[in-house]
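Counting starts at 1 for both ligands and their atoms, in listed order.
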Amino acid sequence: MDYMDSGMRYTPKPDKDWDTSVQFLPASDTKKLEKKKGPGRIGAVVGVVVFAAVLSLMTGLLVWHFHYRKDVREKRMYTGSMRITNQVFEQAYENSNSTEFKALAKQVAEQLKTIYSKTPQLAKYYVGSTVEAFSEGVVAYYLSEFKVPVGQAAAVDSAMASMDKLVDKAQRTAHRPGNALVFEDVVSSGVSSVFISCFTIYFYDYTQHTRANHIGTITSPGFPNTPYPPNTYIQWQLRADPGYVIKLDFDTFNLEEDCKNDFVKLYDSLVAIESRAMEEICGYYSPSDPLSFLSSRNVMLVTLVTSEKGNYPGIRAHVSQVQKGGAGMKCGGKIIGPQGAFMSPNFPNYYPPNTECEWKIEVPAGKWISVIFSKFLLFEPGQNGKDCTKDYVAVNSKKLCGEKVGQVAETVSSNVATIRFVSDRSFVDRGFNATFKAIDSLDPCPKMFQCKNQLCMDLKLKCDGWNDCGDMSDELNCKCNESDLQCKNGLCKPMFWQCDGVNDCGDNTDELNCGCKADQFLCLNSACVLKKKRCDGRDDCGDGSDELDCGRTTSTPCNDVTYKCKNQMCINKQNPECDGTTDCADGSDEENCDCGQRLLRFKGSRIVGGQEAEQGEFPWQVSLHVKAYGHVCGASVISRRWLVTAAHCVQDDGKIKFSQPRTWEAHLGVHTQRMPGKAVVKLGLKQVIPHPYYNAYTYDNDIALMELASDVAFSDYIQPICLPAAQHVFPSGTTVSITGWGATREGGSAASVLQKAQVRIINGTVCNRLMSNQITSRMLCAGILSGGVDACQGDSGGPLSSLASPASEGGRSFLAGVVSWGDGCARRNKPGIYSTVTKFRGWIKEKTGV
Ligand code: 4AZ
């Protein structure tokens with residue numbers, strides 16, 4: 001059954017509960033703007049009258065401000081809930097139009113009035129209360145309004161903050177009628193001024209009662225066809241049957257990155273009480289990183305608040321009910337044995353609020369217990385992760401909280417332990433998963449190294465240059481062996497990390513005197529010249545590189561490192577093309593610069609170790625499909641007509657004629673494979689031009705061009721990447737992006753959604769050593785030498801994109817490389833190898849005119 005048919009109420013109430021008396025001024029009054037003739041006598045009289053009117057108005061305003069303003073009152077709203085202990089829940093209480101609802105709501109409102117009337121700070125300013133809803137328990141959700149003089153707000157806030165005490169006090173006093181309601185668990189919180197004073201807000205309110213075996217759906221307005229509207233507050237009040245809790249699974253979550261503007265906030269309540277807030281979420285979450293929440297009781301409130309700027313696709317979530325304490329929510333118990341595992345309820349998704357679990361662990365007598373948390377995420381806003389006053393895990397009496405990076409180990413010096421997990425009424429996180437094992441107290445890490453944080457590490461990992469323990473304790477007090485580099489701070493690092501453009505030691509000692517002495521300058525041709533010879537007007541390096549970027553851009557004799565303008569003049573500036581400054585006298589360095597920019601705005605900015613790209617984030621990325629087979633290789637758009645890919649993608653094999661244009665279909669504007677969105681353009685090819693010197697054994701010159709059968713129209717999702725000039729330099733250590741739908745791990749399967757990752761350019765000499773002398777000057781190395789991030793099978797032919805300056809500052813992306821080959825994927829000390837595009841700039845121009 002459709003969610004809309006199943007009792008969901010759709011009540012767009014523009015400003016129903018809020019101040020509607022505001023009117024917008026007309027932008028202009030055309031009549032008043034009509035040109036009049038000269039002023040004359042009438043004009044002078046009118047001028048005097050207007051002047052007098054303005055003067056008296058200002059006097060009046062000043063008198064009002066100083067005399068009466070202290071009486072000006074502001075509206076303050078408080079929302080809260082309380083349990084009515086002497087009532088039994090009736091189904092009719094769910095329906096705010098029923099007589100039962102109205103009768104009980106009236107009684108609650110009357111008792112609230114009595115309670116407020118007994119507190120002087122509140123009685124004077126009280127306007128009224130409404131009951132918003134009832135839920136099982138019986139829990140009443142109310143809204144109280146006050147009109148408070150400016151300056152008294154803090155006193156009212158503080159009185160309302162101890163609403164539970166006010167209610168207690170009122171209930172203890174005598175003269176209560178026999179049928180008075182008894183309130184418990186009273187909570188209250190102020191309603192954000194955004195909702196009270198922001199008169200442009202549109203208010204939507206939906207309610208839904210989930211039934212057994214039914215999955216409802218909630219979506220932001222306009223989803224999936226249009227972005228959600230600006231200046232909107234939407235709330236979904238969700239209910240489940242008694243004994244059940246609400247399960248909320250987002251399959252799409254795409255909001256503005258800054259929670260100050262747009263956010264979703266979930267409450268373990270039917271109204272937005274701050275102390276019952278479960279999570280505030282904004283930005284983008286990929287469907288592969290699902291967001292799933294559980295309430296603690298049979299109610300949940302989902303709110304979506306948007307600011308004046310819209311333009312994001314929005315949310316879709318599925319709502320169902322699961323039995324309280326049922327599968328996925330179970331936790332605690334006794335675990336006996338030499339090892340075992342336990343985790344927070346609903347792990348790896350968010351645990352419910354207001355939950356307690358206790359595990360009793362027992363290992364064989366005489367042994368100790370080592371507990372290892374491989375994931376530990378118990379973050380609470382405003383908490384420092386030390387005092388553990390809110391959500392925590394306690395290993396015996398030791399409390400752990402906050403979010404921990406890497407593994408956490410705790411040793412218990414006994415064969416029994418009690419582990420308690422407590423989540424309080426507000427804010428939830430993804431929780432933890434843990435294993436435990438029996439250990440020998442005398443030898444806790446047999447044949448292994450014990451880190452300071454009690455983790456056990458393979459002995460081979462000690463002093464290998466990697467922080468395996470997470471606290472560096474495996475890299476301290478090391479005697480470096482001969483193949484290692486001794487950092488000044490005492491660490492040892494593999495020798496080949498020296499001079500790779502990355503500060504591996506932490507104190508930069510691995511990047512000092514790289515090929516040159518301290519007083520020398522490293523030329524682009526690797527020669528060293530005295531630093532004082534830099535920018536002295538003479539070519540000391542021999543390749544002219546000591547005379548580049550010497551302040552003012554000037555004409556200079558042409559050589560291998562200078563940029564050649566269209567008029568054949570050369571200039572002494574590195575990478576001048578499309579940088580927003582005209583450097584060539586003929587302006588040619590800023591010509592043909594309609595490239596390398598994404599049209600959509602993004603937050604900052606599989607590939608192995610990457611994450612999902614956003615739609616339109618890499619609009620030059622192409623998916624090359626072999627007809628009836630699917631995605632095979634990547635490519636990059638360089639113009640309306642031409643693509644760049646890898647030559648090894650277009651070599652015939654026994655069965656498929658990869659060299660033939662008709663074999664291929666280029667898919668442009670793709671984000672998710674097999675989901676042909678409106679942005680996707682599929683085009684056949686007119687010709688395929690592999691590099692004539694491609695070597696299938698060494699992968700030298702691994703580049704090819706593809707001409708599309710017709711011009712492609714550029715869009716938000718299809719844009720060309722800039723081609724770097726032949727002299728463009730991408731220095732070692734530069735962070736660059738790799739993208740593709742290739743395998744997400746070595747030997748793994750292809751990604752469905754375009755993946756992105758950041759890697760760094762690695763010094764060619766270092767790379768050649770790591771890759772057993774297989775690197776030619778037409779190859780460029782990039783990766784993360786600690787492993788874990790890399791291009792992989794299926795990414796071949798795709799771009800290695802280098803952003804010249806931040807995209808937010810108008811920076812453009814240049815095609816630094818084409819994914820070519822590697823020794824497996826994401827292995828330690830095995831970077832990915834890319835074809836060096838600068839080496840092929842002339843050939844590309846010759847074949848394509850681009
Ligand atoms: C491939 O087979 C491939 N790790 C591409 C890149 C890399 C490895 C393999 C780099 O297409």
task = With heavy atoms of Trp821 as the reference, note each atom of ligand 1 found under 4.0 Å away.
result = 7 (C), 10 (C)
message = Is the distance from the ring center of Trp821 to that of His648 below 6.0 Å?
response = no
Is the closest heavy-atom distance from [X] to ligand 1 below 4.0 Å?
{"X": "Asp790", "result": "yes"}
{"X": "Gly794", "result": "yes"}
{"X": "Cys633", "result": "no"}

inquiry  = If you count every heavy atom of other residues, nucleotides or ligands that lies below 6.0 Å from Lys404 atom NZ, does the total exceed 12?
reply    = yes
request  = Determine, for Phe840 and Arg778, whether the Lys NZ or Arg CZ falls below 6.0 Å from the six-membered ring centre while staying within 45 degrees of the axis.
outcome  = no
Nearest neighbour in protein (non-hydrogen) for [atom]:
{"atom": "atom 6 (C) of ligand 1", "result": "Val819 CG1, 3.8 Å"}
{"atom": "atom 11 (O) of ligand 1", "result": "Ser796 OG, 2.5 Å"}
{"atom": "atom 10 (C) of ligand 1", "result": "Ala791 O, 3.3 Å"}

query = Of the choices Gly822, Pro831, Cys792, which has the non-hydrogen atom that lies closest to atom 3 (C) of ligand 1?
reply = Cys792
Option of least heavy-atom distance to atom 1 (C) of ligand 1 (set: His648, Arg827, Gln793) = Gln793
task = Can you measure from CD (Gln727) to CD (Gln574) and round to the nearest 0.5 angstrom?
result = 10.5 Å
task = State whether the side chain of Gln774 and the backbone N or O of Met771 hold a donor-acceptor pair below 3.5 Å, judged by distance alone.
result = yes
Met779 and Asp700: CA distance, side-chain angles, deciding distance, side chain to side chain contact (heavy atoms under 4.5 Å, CB included) verdict = CA-CA 7 Å; Met779 299 177 191; Asp700 205 7; 4.2 Å; yes
inquiry  = Looking at Glu707 and Lys847, is there a salt bridge between them, counting it only when a charged N and a carboxylate O are closer than 4.0 Å?
reply    = no
task = Give yes if a backbone or side-chain nitrogen or oxygen of Gly824 is under 3.5 Å from a nitrogen or oxygen of ligand 1, and no if not.
result = yes
inquiry  = With nothing but distance in play, are any N or O atoms of Gly832 less than 3.5 Å from an N or O of ligand 1?
reply    = no
request  = Please step through disulfide (SG to SG under 2.5 Å) for the pair Cys523 and Cys528, ending with a clear verdict.
outcome  = CA-CA 6 Å; Cys523 309; Cys528 299; over 6 Å; no
